[in-house]
Amino acid sequence: MASKSEGNVDHTGSDGDRLPTTINGRGKWWVLAAVGLSTFMAGLDESITNTLLPIFSRVFNADVSTIVWVMTVYLLVVSGFLLGFGRLGDLRTHKMVYVWGVGVFILGSALCGFSTTSLMLIGFRALQAFGAAMIFANTPAIISRNFPSTQRGQALGFMATTVYLGLSLGPSFGGWLAQAFGWRLVFYINVPIGLLALWLSMRFIPAETPVKAERFDWAGGATFLGSLVSLLLVLDQGHAWGWTASITLLILAIGLLLLSAFVVIERKVPHPMLDLSLFNNRLYLAAAISAILNYMALFCILFALPFYLITGRGLILNKQEYC
């Protein structure tokens, strides 16, 4: 149980490790403000960008199957590298990976604003997603290290709230920004927010000691990423290739094979990327399934509704949309 003394003290985590934390004073709240601002920024950018997909399609004269990759590549990179960056944070400190993530996200946002073609925007969105994966993978661990068990749930709940606040504000705020100042400001707005989050993070998040005895699970990371890419490619292009075409079935088989290999690897390696025994806990499994269903519903709406309102219903922005 955490002792209530001033400054930095130790508490024992659920796994028995001694984790440094700032229990009293303002330090922990500044940590929460720093990570909350960065997760808010990432959530805001995600929903804003998805809302403006029809505008990007017109600006870059790209069809829907191409411009959808502005959203798809972001989700793919975040999903594919989330486990890896979380594990890297365990080995090389969560603060280091998180701070680099904020910096990469800022750089990716600025470059997205400079895009002149759809392929440039898709590529820079992938860079943005690398930063977002570093942020999302390490913020829970940073909060857990800096809050006592009595306040940890409250702090993690606040972090989740900032993500959904960004997702909720994105469509209306992004539409107003694009209408009033042009679509590029949708990305440029992340730069000042990100710089403030970066300064707060470097100033207030306590330093950690890296774990050098364990090895990174390269095989698990590679098979997990490969399976996601293969399965997503089938879902994205299956209608064009034909759902029973040889290429579709081949890539689907590769994806399922890699996913099976990932499960086998994670059961055998001493320090796995993902501890599969967590899914033996019914409460954890139910929470994971509910989160999957939640995000499936959320992103279906975020993708379809802007095309319906802007393209189908004719709710067209003014000439600023082409800036």
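Note that the structure is predicted; figures quoted are calculated from it, not measured.
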Pairs involving residues 117-135, ordered by first then second residue, that meet salt bridge (Lys or Arg N to Asp or Glu O under 4.0 Å) (sequence neighbours left out): D45-R125
Within this structure, what is the [atom1]-[atom2] distance for the pair [X] and [Y], rounded to the nearest 0.5 Å?
X: T116; Y: L121; atom1: OG1; atom2: CG; answer: 10.0 Å
X: Y98; Y: S201; atom1: OH; atom2: OG; answer: 3.0 Å
X: F187; Y: L111; atom1: CZ; atom2: CG; answer: 11.0 Å
X: I193; Y: L44; atom1: CD1; atom2: CG; answer: 6.0 Å
X: S144; Y: M159; atom1: OG; atom2: CE; answer: 8.5 Å
X: I265; Y: L276; atom1: CD1; atom2: CG; answer: 11.0 Å

With no hydrogens and no angle check, is any side-chain donor or acceptor of [X] less than 3.5 Å from a backbone partner on [Y]?
X: R184; Y: S115; answer: yes
X: S290; Y: A287; answer: yes
X: E46; Y: L167; answer: no
X: K95; Y: I205; answer: yes

Side-chain cluster (under 4.5 Å, hydrophobic types only) that L235 belongs to, other residues: none
Other cluster members, L283 - Ile/Leu/Val/Met/Phe/Trp/Tyr, side-chain contacts below 4.5 Å: none
Taking the side chain as every heavy atom from C-beta outward, state whether [X] and [Y] have any atom pair closer than 4.5 Å.
X: L88; Y: M134; answer: no
X: V31; Y: P206; answer: yes
X: V102; Y: F105; answer: no
X: L53; Y: M71; answer: yes
X: K28; Y: F204; answer: no
X: F40; Y: Y164; answer: no
X: S57; Y: D63; answer: no
X: W100; Y: M96; answer: yes

In one Ile/Leu/Val/Met/Phe/Trp/Tyr side-chain cluster, 4.5 Å: F60, I48: yes
Path from L195 to V35 over hydrophobic side-chain contacts below 4.5 Å: yes
Of all pairs that satisfy ring pair (Phe, Tyr, Trp, His ring centres under 6.0 Å), the ones with a partner from residues 66-91, not counting sequence neighbours: F81-F85, F81-F130
Show me the donor-acceptor pairs, under 3.5 Å and distance only, between side chains in residues 240-264 and residues at least two apart or in other chains.
residue: T248; atom: OG1; partner: G242; partner atom: O; Å: 2.8
residue: S260; atom: OG; partner: L256; partner atom: O; Å: 2.9

Counterpart residues, side-chain hydrogen bond (donor to acceptor under 3.5 Å, both in side chains), relative to Y188 (two or more places apart): none
Worked check of side chain to side chain donor-acceptor pair (under 3.5 Å) between S118 and T66: CA-CA 8 Å; S118 59; T66 299; 6.0 Å; no
Chi angles and distances behind the side-chain contact (heavy atoms from CB on, under 4.5 Å) call for E266, D275: CA-CA 7 Å; E266 297 309 281; D275 185 1; over 6 Å; no
Step-by-step side chain to side chain donor-acceptor pair (under 3.5 Å) determination, N50 to S47: CA-CA 5 Å; N50 295 347; S47 61; over 6 Å; no
For A110 against V191, the heavy-atom pair lying closest together: CB-CG2, 4.2 Å
